[in-house]
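Just below is one structure, and these are the notes that go with it.
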Amino acid sequence: MRSVSFFLFIVAIGISISFTADKPTGAFQHSQDIGKPKLAGSSNYNEVTKEYRLRGSGYNIWFARDEFQFLFKKMSGDFTVTADFEFVGAGTDPHRKVGWMVRESLNDDAAHISAVAHGDGLTVFQWRVKKGMAMRDPEDEIFSPQKNIHTIQVERKGNAYTMRVAKKGEALQTVGSHQMPDLPTPLFVGLYICSHNPEKVEEAIVRNVQIVQAKP
């Protein structure tokens with residue numbers, strides 16, 4: 001009898017831990033560090049201000065593997081995601097990154113496409129074609145002619161992904177589109193931050209997050 005009670009107690013603890021780990025953060029289902037960066041990151045949501053605060057480390061999102069903090073939800077079908085991004089502080093590396101990412105899995109070498117705002121003001125649409133492949137410069141990038149972007153939008157229609165950007169107070173402008181036929185569904189879609197320096201944690205605030213799922 002005692003052993004049965006102990007077993008049920010352990011199961012109850014396991015269920016509790018499971019629910020705690022999957023507690024939603026705003027509009028997203030889960031957050032975690034991808035690629036085991038040296039310093040742990042975090043994602044939080046302020047119910048009052050409706051702001052997300054992301055903190056993350058990581059060597060980079062490039063070559064054949066990535067390290068970053070990811071706040072995401074699983075999505076299928078067509079969708080459009082939009083948000084305003086702002087780094088906190090001057091930062092350590094000009095290539096620190098924040099933005100939207102669409103990823104096939106949570107593996108560090110997964111295929112993905114991401115809209116990237118850098119610390120030096122550069123904004124880029126970049127991707128890894130297939131799992132384990134090295135990302136290439138400039139073959140796997142589309143550069144925004146504008147710098148210091150405030151708003152970033154990513155739209156998915158079938159295999160086509162489009163990035164639009166805007167400076168504060170201005171209308172969205174299309175930067176470019178790219179076909180990603182090797183991204184299966186469901187996909188991991190969300191916000192991310194990477195310090196581009198494994199010894200540092202960078203921080204960003206994300207506001208006015210909109211996630212629009214197209215009807216089947």
Side-chain angles (χ1 to χ4, degrees), residues 27-28 34 60-66 68 70-86 95-107 109-194 196 204 206-216:
F28 301 93
I34 304 298
N60 202 354
I61 300 172
W62 200 251
F63 301 115
R65 60 175 296 272
D66 311 318
F68 63 98
F70 195 26
L71 174 63
F72 60 86
K73 65 182 297 182
K74 282 187 176 181
M75 298 183 70
S76 297
D78 296 341
F79 54 80
T80 303
V81 292
T82 313
D84 300 333
F85 295 87
E86 178 186 349
H95 295 289
R96 59 181 174 160
K97 299 172 174 67
V98 69
W100 285 108
M101 181 176 290
V102 180
R103 197 170 183 91
E104 69 167 344
S105 77
L106 302 179
N107 295 329
D109 63 348
H112 72 84
I113 188 164
S114 55
V116 184
H118 293 77
D120 63 358
L122 181 69
T123 304
V124 180
F125 210 23
Q126 64 182 44
W127 54 86
R128 178 177 293 114
V129 176
K130 293 183 179 181
K131 174 180 170 62
M133 289 184 63
M135 298 171 67
R136 303 163 299 169
D137 182 5
E139 293 89 346
D140 296 337
E141 298 172 290
I142 301 175
F143 293 84
S144 169
Q146 291 184 306
K147 296 191 72 174
N148 301 311
I149 291 302
H150 182 67
T151 305
I152 299 176
Q153 180 182 89
V154 174
E155 179 185 45
R156 178 185 190 236
K157 285 188 176 181
N159 292 328
Y161 294 83
T162 300
M163 181 174 78
R164 301 181 183 93
V165 302
K167 290 196 171 188
K168 192 170 185 177
E170 296 183 1
L172 288 166
Q173 303 290 329
T174 299
V175 173
S177 299
H178 184 70
Q179 294 281 334
M180 292 290 289
D182 295 309
L183 282 183
T185 57
L187 294 162
F188 295 84
V189 182
L191 308 169
Y192 70 93
I193 187 168
C194 171
H196 200 271
V206 187
R207 302 180 176 92
N208 300 317
V209 171
Q210 300 177 44
I211 300 174
V212 179
Q213 180 82 59
K215 293 182 180 180

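- The closest side-chain heavy-atom distance from Val189 to Val81 is below 4.5 Å.
- Between Leu191 and Phe70, the closest heavy-atom pair is O-CD1, 3.3 Å.
- Tested against Phe72, the residues Tyr192, Phe188, Phe28 include a single ring-ring contact (aromatic ring centres under 6.0 Å, His included) partner, Phe188.
- Classification of Lys131 and Asp109 as a salt-bridged pair holds, one side-chain N sitting under 4.0 Å from a carboxylate O.
- Judged by distance alone, the side chain of Gln210 and the main-chain N or O of Thr82 form no donor-acceptor pair under 3.5 Å.
- Ser105 OG to His112 NE2: the interatomic distance, rounded to the nearest 0.5 Å, is 10.5 Å.
- Among all heavy-atom pairs drawn from Ile193 and Ala204, the shortest one is CD1-N, 3.6 Å.
- The shortest side-chain heavy-atom distance between Trp100 and Phe85 falls under the 4.5 Å cut-off.
- Interatomic distance, CG of Asp137 versus CH2 of Trp62, reported as 5.0 Å (0.5 Å rounding).
- Using a 4.5 Å cut-off on side-chain heavy atoms (C-beta onward), Leu187 and Met75 make no contact.
- Residues Phe68 and Met101 meet the side-chain proximity criterion, which asks for heavy atoms closer than 4.5 Å.
- Residues Met180 and Glu104 fail the side-chain proximity criterion, which asks for heavy atoms closer than 4.5 Å.
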Quick one: do Ile61 and Val116 satisfy side-chain contact (heavy atoms from CB on, under 4.5 Å)? Show the steps, please. CA-CA 10 Å; Ile61 300 172; Val116 184; over 6 Å; no
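- Counting only distance, with no hydrogens or angles, the side chain of Ser144 and the backbone of Gln146 share a donor-acceptor pair below 3.5 Å.
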Chi angles and distances behind the side-chain hydrogen bond (donor to acceptor under 3.5 Å, both in side chains) call for Asn60, Lys97: CA-CA 8 Å; Asn60 202 354; Lys97 299 172 174 67; 2.8 Å; yes
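- Put simply, the side chain of Ile34 reaches to within 4.5 Å of the side chain of Leu106, judged on heavy atoms.
- Panel note: side chain Arg128, backbone Phe63; a donor-acceptor pair is recorded below 3.5 Å.
- Closest approach of Ala160 and Gln179 over heavy atoms only: CB-NE2, 3.5 Å.
- Note that CG of Asp140 and CE of Met135 are 6.5 Å apart. Values are rounded to the nearest 0.5 Å.
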Could you walk me through whether Phe79 and Val102 satisfy the side-chain contact (heavy atoms from CB on, under 4.5 Å) test, starting with their C-alpha distance in whole Å, then the side-chain angles of each, then the deciding distance to 0.1 Å, before giving a yes or no? CA-CA 11 Å; Phe79 54 80; Val102 180; 4.0 Å; yes
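- Across Phe143 and Pro138, no two heavy atoms sit closer than the pair CE1-CB, 4.3 Å.
- Formation of a donor-acceptor pair under 3.5 Å by the Arg156 side chain with backbone atoms of Gly158 is found in this model.
- Listed by first then second residue, pairs satisfying ring pair (Phe, Tyr, Trp, His ring centres under 6.0 Å) with a partner in residues 148-182 read Trp127-His178, not counting sequence neighbours.
- Nearest heavy atoms, Ser177 versus Thr162: OG-OG1, 2.5 Å.
- Put simply, the side chain of Glu155 never gets that close to the backbone of Asp78: no donor and acceptor are under 3.5 Å apart.
- Counting only heavy atoms from C-beta outward, the side chains of Gln153 and Thr151 never approach each other to under 4.5 Å.
- With values rounded to the nearest 0.5 angstrom, Leu122 atom CG is found 6.0 Å from Lys147 atom NZ.
- Within a 6.0 Å radius of NZ in Lys167, other residues, nucleotides and ligands contribute more than 12 heavy atoms.
- Contact of the Val175 side chain with the Thr123 side chain is not registered, since no non-hydrogen atoms from C-beta on lie closer than 4.5 Å.
- Between Gln173 atom CD and Arg164 atom CZ the span is 10.5 Å, to the nearest 0.5 Å.
- Closest approach of Ile152 and Ala117 over heavy atoms only: CD1-CB, 3.9 Å.
- Between the CG atom in Asp84 and the CD1 atom in Ile149 there is a gap of 11.0 Å [rounded to 0.5 Å].
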